[in-house]
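Let me begin by presenting the structure, written as structure tokens, before commenting on it.
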Amino acid sequence: MPGMEFFGAAERKEINDVLETGILFRYNHEAQRNNIYKAREFEAEVANLVGAKYAHAVSSGSTAVLCALAAAGIGAGDEVIVPPFTYIATVEAVLMAGALPVFADIDETLCLSAAGIRRVITPKTKAICLVHMCGQMADMDAIMAIVNEHNLVLVEDAGQAMGASYKGVSTGLWGKTGAYSFDFFKIATACEGGIMVTNDETAYKHADSYSDHGHDHVGSNRGMEQHPVLGFNYRISELHAAIGLVQTRRVPEIIKSNNAHKAQLMSALANVPGVSFAQIPDANGDSATFLNLLLTDTDSAQRTVAEMNAAGVGGFNYWFTNMYHFINQWNHIKEMKTAAPLAIEKLGAPQDYKNLDIPIAQSVIGRLISFGIRASWTSEEVAALAMNIEAAVRKATLVEA
Ligand SMILES: *Cc1c(COP(=O)(O)O)cnc(C)c1O
């Protein structure tokens with residue numbers, strides 16, 4: 001997750017542009033801002049990077065997902081298919097929108113699978129919130145076939161896959177709307193920030209208004225602007241946008257280094273017994289922020305994790321026991337522990353979240369260890385990591401023999 005590796009002079013320069021004028025707010029103040037509009041530039045940079053007609057910057061990746069849902073027309077009582085393996089923000093956004101999450105199974109792409117989706121589709125299914133996990137992408141040909149067959153709304157949470165693509169089309173642009181995160185751990189960071197993308201003008205306008213109390217942003221008198229739809233405040237500041245702008249420019253180089261490091265790791269580990277890799281539906285479109293290793297079973301993966309911890313090998317995630325990325329630990333959702341009642345508590349949950357039938361997710365996530373790839377690594381550092389991984393796997397699998 002390399003954005004944070006590259007905070008430097010270019011970021012400081014863009015922040016200083018904003019500090020020079022003191023206009024930290026993205027809208028209005030035309031006379032004082034000296035034509036400095038970092039949020040607008042940030043949006044144009046992201047739109048250009050991914051090939052979107054429209055991009056709208058907001059306060060976080062989480063609020064970008066919420067805006068993407070609202071702008072796609074998903075709200076109260078709508079059943080939305082979601083994956084059980086994702087950053088929890090996806091599911092939270094569906095719940096905060098008043099909609100009802102329906103969990104479906106995944107496959108070795110680490111994303112929702114067509115087969116998993118088919119098993120939970122009902123006439124009540126309104127949308128799929130597809131998440132492209134660990135820098136990779138879902139199998140879009142199979143997903144689009146179902147979306148079209150059942151006339152579903154597709155919203156993409158590409159929070160950890162900005163810059164990734166499938167057959168030349170960026171993640172985030174397959175559906176009606178999409179979302180990227182610029183939090184501190186993503187491929188590009190604004191420290192806090194997010195971007196909603198779409199090729200649909202109405203969806204863009206709704207996101208633009210929804211994220212700023214309904215403002216239509218026409219004219220130069222904020223207090224007299226029209227409010228075509230109800231909204232709330234999910235605005236980004238000019239300071240965060242300034243950082244996101246520079247970091248977005250760095251993404252093509254980061255993706256190049258990431259892919260070189262990932263290829264080196266995969267070839268070094270290709271012949272290690274018991275090791276395989278998550279499936280990458282389009283290897284040419286990988287943003288390669290993670291090396292996603294699959295062990296033969298959950299026990300071997302957990303023993304490998306223990307060996308790596310003992311040897312001091314850091315920089316990896318074992319999502320199966322992570323509190324925020326896998327449903328097994330989401331007791332607050334299963335028991336609906338809320339500060340105040342959500343729509344789902346009045347409408348009723350569409351599934352029993354304590355007894356979901358997601359066997360492939362249980363097996364694949366149990367076997368998965370993801371190593372965060374740093375773009376700034378040297379090839380010696382990559383080689384050393386591959387050796388450490390191999391040593392840990394060999395020790396862990398010796399126990400079995
Ligand atoms: C990071 C992430 C988010 C949330 O982004 P924030 O900017 O941290 O709010 C949402 N979805 C996915 C898949 C993510 O990885």
Side-chain angles (χ1 to χ4, degrees), residues 1-4 39 42 46 50 55-70 72 74 80-97 99 101 103-104 106 109-112 128-138 143 154-164 170-172 174-175 177-197 207 211 232-237 239-241 243-244 247-248 251 278 287-290 292 317 319 322-327 330 333 361 365 368 370 372-373:
M1 290 293 180
M4 66 166 95
F42 177 33
V46 172
V50 303
H56 181 62
V58 290
S59 53
S60 71
S62 305
T63 58
V65 178
L66 186 56
C67 288
L69 288 165
I74 304 305
V80 182
I81 293 175
V82 297
F85 174 52
T86 178
Y87 183 54
I88 196 166
T90 316
V91 182
E92 291 168 339
V94 170
L95 289 168
M96 298 302 156
F103 292 93
I106 65 169
T109 64
L110 313 179
C111 304
L112 283 171
I128 299 174
C129 188
L130 178 69
V131 187
H132 301 280
M133 285 303 284
C134 302
Q136 304 186 176
M137 74 302 294
I143 301 285
L154 177 64
V155 174
E156 290 170 270
D157 178 350
Q160 27 187 289
M162 190 181 71
S170 295
T171 59
W174 286 86
T177 56
Y180 306 123
S181 166
F182 284 75
D183 78 21
F184 199 56
F185 310 96
K186 298 307 198 311
I187 190 162
T189 183
C191 178
E192 300 289 357
I195 290 261
M196 172 272 186
V197 286
S211 61
F232 200 49
N233 175 9
Y234 302 118
R235 291 186 307 262
I236 192 166
S237 82
L239 290 171
H240 291 91
I243 304 166
Q247 289 262 312
T248 303
V251 167
S287 71
T289 47
F290 286 100
N292 297 300
N317 295 282
W319 309 114
N322 184 296
M323 296 296 285
Y324 294 90
H325 288 79
F326 193 52
I327 195 163
W330 296 345
I333 291 179
I365 305 309
L368 175 68
S370 298
I373 290 176

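One-based numbering, in listed order, for ligands and for the atoms of each. Heavy atoms only: backbone and side chains are in, while hydrogens, waters and symmetry mates are out. Because the structure is a prediction, the values reported are computed rather than measured.
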- Query: Can you name the closest pair of heavy atoms from Pro83 and Val91 and give their distance?
  - Reply: O-CG2, 4.5 Å
- Message: If you measure every N or O of Gln160 against every N or O of ligand 1, does any of those distances drop under 3.5 Å?
- Response: yes
- Query: Using 30° and 60° as the class limits, which term best fits the ring planes of Tyr87 and His325: parallel, tilted or perpendicular?
  - Reply: tilted
- Under 4.0 Å from a heavy atom of Asp157: give me the atoms of ligand 1 that qualify, with their elements. 10 (C), 11 (N), 12 (C), 13 (C)
- Considering residues at least two apart in sequence or located in another chain, which fulfil the side-chain contact (heavy atoms from CB on, under 4.5 Å) criterion with Ser181? Asp183, Lys186
- Item | Sequence-distant partners of Tyr324, ring pair (Phe, Tyr, Trp, His ring centres under 6.0 Å), two or more places apart | none
- Measure the distances from the heavy atoms of Lys186 to every atom of ligand 1 and state whether one is below 4.0 angstrom. yes
- Task: Answer yes or no: does an N/O atom from Tyr87 fall short of 3.5 Å to an N/O atom of ligand 1?
- Result: no
- Message: Quick test: of every protein heavy atom, which one is nearest to atom 8 (O) of ligand 1, and how far off is it to 0.1 Å?
- Response: Asp183 OD2, 2.6 Å
- Query: Do the side chain of Ser170 and the main chain of Gly172 share a donor and acceptor less than 3.5 angstrom apart?
  - Reply: no
- Gly61 to ligand 1: N or O pair under 3.5 Å? yes
- Note on the structure: Residues Cys191 and His240: closest non-hydrogen pair is CB-CD2, 4.3 Å
- Close-contact set for ligand 1 against Ala89 heavy atoms, below 4.0 Å: 4 (C), 10 (C)
- Task: Determine the sole option in Asn322, Asn317, Asn292 for which the side-chain hydrogen bond (donor to acceptor under 3.5 Å, both in side chains) test with Ser370 is passed.
- Result: Asn292
- For Val131, atoms of ligand 1 separated by under 4.0 Å from a heavy atom: 13 (C)
- Any idea which protein heavy atom is nearest atom 5 (O) of ligand 1, and the distance to it? Ser181 OG, 3.1 Å
- Task: Please determine if Thr86 has a nitrogen or oxygen closer than 3.5 Å to a nitrogen or oxygen of ligand 1.
- Result: no
- Query: So which heavy atom in the protein is nearest atom 9 (O) of ligand 1, and how far is it from that ligand atom?
  - Reply: Ser62 OG, 2.5 Å
- Query: So Phe182 and Phe42, would you call those rings parallel, tilted or perpendicular, with 30° and 60° as cut-offs?
  - Reply: perpendicular
- Is ligand 1 under 4.0 Å from a heavy atom in the side chain of Glu192, in the backbone, in both, or in neither? neither
